[in-house]
Number of protein chains: 2
Amino acid sequence: MADMEATARARAEAMTDGSGPDKGKRGGKRTYHHGDLRNALIVAATDLARDGGPEAVVLRAAARRVGVSPTAAYRHFAGQAELLHAVKELGQQRLTESMEAAGASLSAREPGPDGAEERVRALGRGYLAFARAEPGLYRVAFCRDEFSMEKLDGVIDPGEEDSWGFRSFGILVQALDALVEHGRMTERRRAGAELTAWATVHGLATMFLDGPLSQLTSEEIDAVAERAFDTLIAGFTTP
Amino acid sequence: MADMEATARARAEAMTDGSGPDKGKRGGKRTYHHGDLRNALIVAATDLARDGGPEAVVLRAAARRVGVSPTAAYRHFAGQAELLHAVKELGQQRLTESMEAAGASLSAREPGPDGAEERVRALGRGYLAFARAEPGLYRVAFCRDEFSMEKLDGVIDPGEEDSWGFRSFGILVQALDALVEHGRMTERRRAGAELTAWATVHGLATMFLDGPLSQLTSEEIDAVAERAFDTLIAGFTTP
DNA sequence: CAGGGAATGTTAATAGTGTCAACATCGGGC
DNA sequence: GCCCGATGTTGACACTATTAACATTCCCTG
């Protein structure tokens, strides 16, 4: 109790001592209410996730960082699982952005069949780039999560997919469709191709992060990934 | 303390009450020492892992099942991480056996190039069969594990690979080498092919277990997997 | 422009976990 | 025969999640 977490009052006072800009809603005001606790907790939990992965997303630790009592989080999350889920969705969003960025870097350029092929590769590169740049977040983005489980259990037909995970999947779908449109892939091969492609990059990322490939240099990883993309696309373009 | 875990004495007495055959070393003897506690703990932890995955491998729960005090485990394991690692190796062994079984079911038959190709498929089927039959164990077999991390960090050159994970990998390597020997795969494609194949099945398993494919029927899963194998092998056999 | 209810935060307490230190008991080798 | 090491137990500490009860503040209604 003596060296307990900083109370809200202590936090609010710390805000005014010039240590940094006020993060509360109104400038410098020592507020009992935080004002944006939900987001603050997600940010703190994300930082925890960055180094340490899913098991580092600890509710009390996040609350401690924000300078709030542990149970305050329960006013904004049903429990630790929901906090973890929020971080997970944030991670999926970042992953999607990484893929989009890699795809956009060559969009419009080379509009032909080779361009479509190169776009698939670019998406894979963007995926792996994020996994390497943010291993902790990546691990959270794909960690087992009871909220997603429940969601999939209950709703058999997910009409509107809010989650960013499906958006990144959609990007891949479009890229593969383009492959078909440009005659680089037959309709038959197209069936289930998203899964094959996704499985490939996901499996590669896993092996890079905590598998047998975890001590390869960046160049070696790139080389291995490109070879994998080669055979993947070779399989796609085979009638 | 009242409803504490069963003491060793209680366990030993339970052994003699006809509930089952004596698991201790000598028949019926109420022994203070367990006699085979390490294995018993691994078995208990494996049962926990079967339903619940890595996060269910709880040291105290395993000790409770064996009927032993929580700290007794520390005479046989450095800590929970080492217990988890033991279960992980057991899981990898089972996975290897599943792959070997699937491969052996058609070994020697059809020795030609088609047989080599079919063997690669069989290994993939054996892999996925295990993942579906033992999802919890599978998840443990590939969970992040600080022991493996340390091992990879320290020893840069792993001369002798004790782990079963490398054995299953070796099976795949042989199958791919056979593909080359029978002229179904060029040397160029061979480079890094293990990783591509491994990534594919691992990614598929992940999506089946806790990904977007978790509610497919067995038939649908098989169909998706076979299509993935098709394009994978198409990629391998492309010059 | 009150005042009261809802939102938000705090303390206290329970239950479960990993881990260490100190103590108890068995069993095999001198 | 006995003693020392291997093995198991108790007790304790530091974490964690979570709930219940209490406190404060915001803001909306009368």
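Below, chains carry the letters A, B, ... as their sequence lines are ordered, and counting in each starts from 1. Remember, it's a predicted structure, so these values are computed and weren't measured experimentally.
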Requested in this report: Decide whether Gln93(A) and Glu97(A) meet the rule of one side-chain donor and one side-chain acceptor closer than 3.5 Å.
Outcome: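 There is such a pair (donor and acceptor under 3.5 Å, judged by atom type) between the side chains of Gln93(A) and Glu97(A).
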
Applying side-chain hydrogen bond (donor to acceptor under 3.5 Å, both in side chains), name anything that partners [X], two or more places apart in sequence or on another chain.
X: Glu100(A); result: Arg167(A)
X: Arg94(A); result: none
X: Glu55(A); result: none

**Report entry** Thr71(B) (side chain) and dT19(C) (base): donor-acceptor pair under 3.5 Å
**Finding:**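 Per atom types, no contact qualifies.
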
Report task. Report the distance from atom CG of Leu232(B) to atom OG1 of Thr200(A), rounding to the nearest 0.5 Å. Result -> 7.5 Å

Query raised in the report: Considering only heavy atoms, which members of residues 41-50 of chain B lie under 4.0 Å from some atom of DNA chain C?
Result: none

Let me know the distance between [atom1] of [X] and [atom2] of [N], rounded to the nearest Å.
X: Leu84(B); N: dT17(C); atom1: CG; atom2: P; value: 15 Å
X: Leu59(A); N: dG9(C); atom1: CG; atom2: C1'; value: 14 Å
X: Phe77(A); N: dT8(C); atom1: CZ; atom2: P; value: 12 Å
X: Glu146(B); N: dG18(C); atom1: CD; atom2: P; value: 13 Å
X: Arg60(A); N: dG16(C); atom1: CZ; atom2: C1'; value: 12 Å
X: His76(A); N: dT18(D); atom1: NE2; atom2: C1'; value: 16 Å
X: Gln80(A); N: dC15(D); atom1: CD; atom2: C1'; value: 14 Å
X: Asp36(A); N: dC26(D); atom1: CG; atom2: P; value: 15 Å

Query raised in the report: Is Arg75(A) near enough to dT18(D) that one of its side-chain N or O atoms lies under 4.0 angstrom from OP1 or OP2?
Result: no

Requested in this report: Any pair with a residue in residues 73-87 of chain A that passes salt bridge (charged side-chain N to carboxylate O under 4.0 Å, His left out), sequence neighbours left out, goes on the list, sorted by first then second residue, please.
Outcome: Arg38(A)-Glu82(A)

Query raised in the report: Where the side chain of Ser69(B) is defined as all heavy atoms beyond and including C-beta, which of dT10(D), dT19(C), dT19(D) is the nearest nucleotide?
Result: dT10(D)

Requested in this report: Just jot down the ring pair (Phe, Tyr, Trp, His ring centres under 6.0 Å) partners of Phe142(A), sequence neighbours excluded, or say none.
Outcome: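 By the ring pair (Phe, Tyr, Trp, His ring centres under 6.0 Å) rule, Phe142(A) matches Tyr138(A), His202(A).
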
